Amino acid sequence: MVGFTGKDAVLTRYAERLHELDRSKGQSLTRDAFRRLRRNRAAMVSIFVIVFIILAALIGPLFVPWTVKEVDWSAFRSPPDWAKGHYLGTDQNGRDLLARLLQGTQMSLLVAAVATFVSVTIGVVYGAIAGYVGGRIDAIMMRFVDIMYALPYILFVIILVVIFGRRPVLLFVAIGALEWLTMARIVRGQTLSLKEKEFVEAARAGGATTRTIVFRHIIRNLTGPVVIYATLTIPEIIIVESFLSYLGLGVQEPLTSLGTLISRGAEVFEVMPWLLIPPAVVLVTLLLGLTFIGDGLRDALDPKDR
Amino acid sequence: MLRYALRRILAALPIALIAITLCFIVMRLAPGGPFDGERPLPPAVEANVRAYYNLDKPLIEQYFLYVGGVLRGDLGPSMTSYDFSVSDLLGFGIPFTFMLGFSAFVIATLIGLVVGIVSAVNQNRWPDYLLVFVVMIGVIVPNFLVGHILQLIFGVYLQWLPAGGWGGNISQLVMPITVLAWPHAARISRLMRGSMIEVLGANYIRTAKAKGIGERLVLVRHAIKPALIPVVSYLGPGLSYLLTGSIVVENIFGLPGIGRYFVNAALNRDYGLVLGTTILYVVVILVLNLLVDILYAWLDPKVRYR
């Protein structure tokens, strides 16, 4: 399962270099990374844009004159009309597109956040346990990951969605539950080298249980790859969600998402172009911004070019 | 070499079986079914229908009947298209999907390689920036969006190409293949650019240049072949992406491949067809991965003895 955004390659390369880290430079690793991130113009601009989109999606609906549920009986299929407060026009049902767009962005972001959280949690815990326990259990666990890798996972997402209905919560979980494989691999590799370190030995000598060591000591030291992975997973999940919604298998009416809006807009583009352009622009901006942030973070945390 | 190939084939068989079992279990766990209509069927009719689809037998017997059927190439009856079996339906779609997938694969791989090499040779000059930008679009903008935009520009406004459908005319394939091939070409060119830059910095390239071999000959004779190795390892996952990616492309352009059957089946809860399509995809992808692995082992002898 190679990522849509090529994050596997990025992450593997980063993980390979991680052991070159030395922390005896006097400056905190995090502060150093932040300094380098701030110098990356594309990433900084992207952070502002993404924060703006998130804020707009969350509090924007308060400032829009129309709500999602209102139908303007005097304006069906209306192009952008500032006088009436339909800044982006209305759809075939007389609903304000700007309100719908904000609702859709909210949904897409929510799916991405929850699914990323699910996939990172599963991946980190699975990888850390496999790496720390080692031996036959490790071999079996990683063999399972290999098998899952070989399968066309988008089909499994579709099957899960078909079977368990098209409720948004299940959509989050279904996508998240199938996105954790790369994370598990990376975390396992890191754990294998971390568990030989002195501080783990010290913890064990101090009487810490396996669970404490894995969760308190090993996972805490994996922040770098986990952060990079999470930022690169979000755009990937947004794409998967919009892809499913596009096929009619994702978020259902009256809820909406960017993919659903694009799919509806594409059907009528020739006569009502204002229904397709705004969601498409938001989706592409979101994906571009998140990719730049992910790349910027990787560059900032990548020890090689220090 | 032969032993390596045999070992890989033996390792792939259980994966296929596990995948089939997994699909079967998940499908049978599903609540509801294609026969749950608005109006309940008379009990006698329902019993007959259930008997026809083997749903009245114990689960374990159903499983063995199904797996036995799959091994004989019989994927069971479709549950919504009553006159056809799943194998019939897939038989109609397979040639088209494969033709589409493989043409896109060949074209994308060739373009990706050329773009990667040109980018690497002109690293950080305008041809590189231009190509990286085009590639970026292919990776970030979801293919359903690219598909619709191309359809509108070339199909509706300029009318250079037919906007969709399939009637045996090659011009109808230009846009679908472009949409399908773009992200694949993008990823290949990214890989090729990276590994080519690495190879061009290697000592033996400097030696070759020092001996007075011309720039072009160094490139063709010494640089390209070793730079290809990471690209080859991506071909397997890449192909599986192309085959699953054709689901969207077939839906946008109204093409008669298995991707359309899959989506329609998923929407109509035709479990037999969904299961059959998934199994087909899994098997094809496993076989392709196997071929790529063997090709890889042939290119890089180190792999054989791991």
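Chain identifiers are assigned alphabetically (A, B, ...) following the order of the sequence lines, protein sequences preceding nucleic acid strands; residue numbering begins at 1 within each chain. Bear in mind the structure is a predicted one, so any value in this text is a computation, not a measurement.
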Measure the shortest side-chain to side-chain distance between A:P235 and B:I140 over non-hydrogen atoms and say whether it is less than 4.5 angstrom.
no
In Å and rounded to the nearest 0.5 Å, what is the CD1 to CG distance from A:I239 to B:N143?
8.5 Å
Residues, nucleotides or ligands: over 12 heavy atoms within 6.0 Å of A:I137 CD1:
no
Tell me, side chain or backbone of A:I262 under 4.5 Å from chain B's heavy atoms, or both, or neither?
side chain
Can you tell me how far CG of B:L145 sits from CG of A:L258, rounded to the nearest 0.5 angstrom?
10.5 Å
Part of A:L283 within contact of chain B (heavy atom distance under 4.5 Å)
side chain
Go through A:S242 and B:F144 one step at a time and tell me if the side chain to side chain contact (heavy atoms under 4.5 Å, CB included) criterion holds.
CA-CA 9 Å; A:S242 55; B:F144 56 87; 3.5 Å; yes
Under 4.5 Å heavy-atom distance to chain B, tell me which part of A:F243 shows up: side chain, backbone, both or neither.
both
CZ/A:F144: more than 12 non-hydrogen atoms of other groups inside 6.0 Å
no
CZ/A:F52: more than 12 non-hydrogen atoms of other groups inside 6.0 Å
no
Applying side chain to side chain contact (heavy atoms under 4.5 Å, CB included), run through B:I252 and A:Y246 and close with a yes or a no.
CA-CA 10 Å; B:I252 297 176; A:Y246 175 81; 3.2 Å; yes
Let me know if B:L275 has heavy atoms under 4.5 Å from chain A in its side chain, its backbone, both or neither.
neither
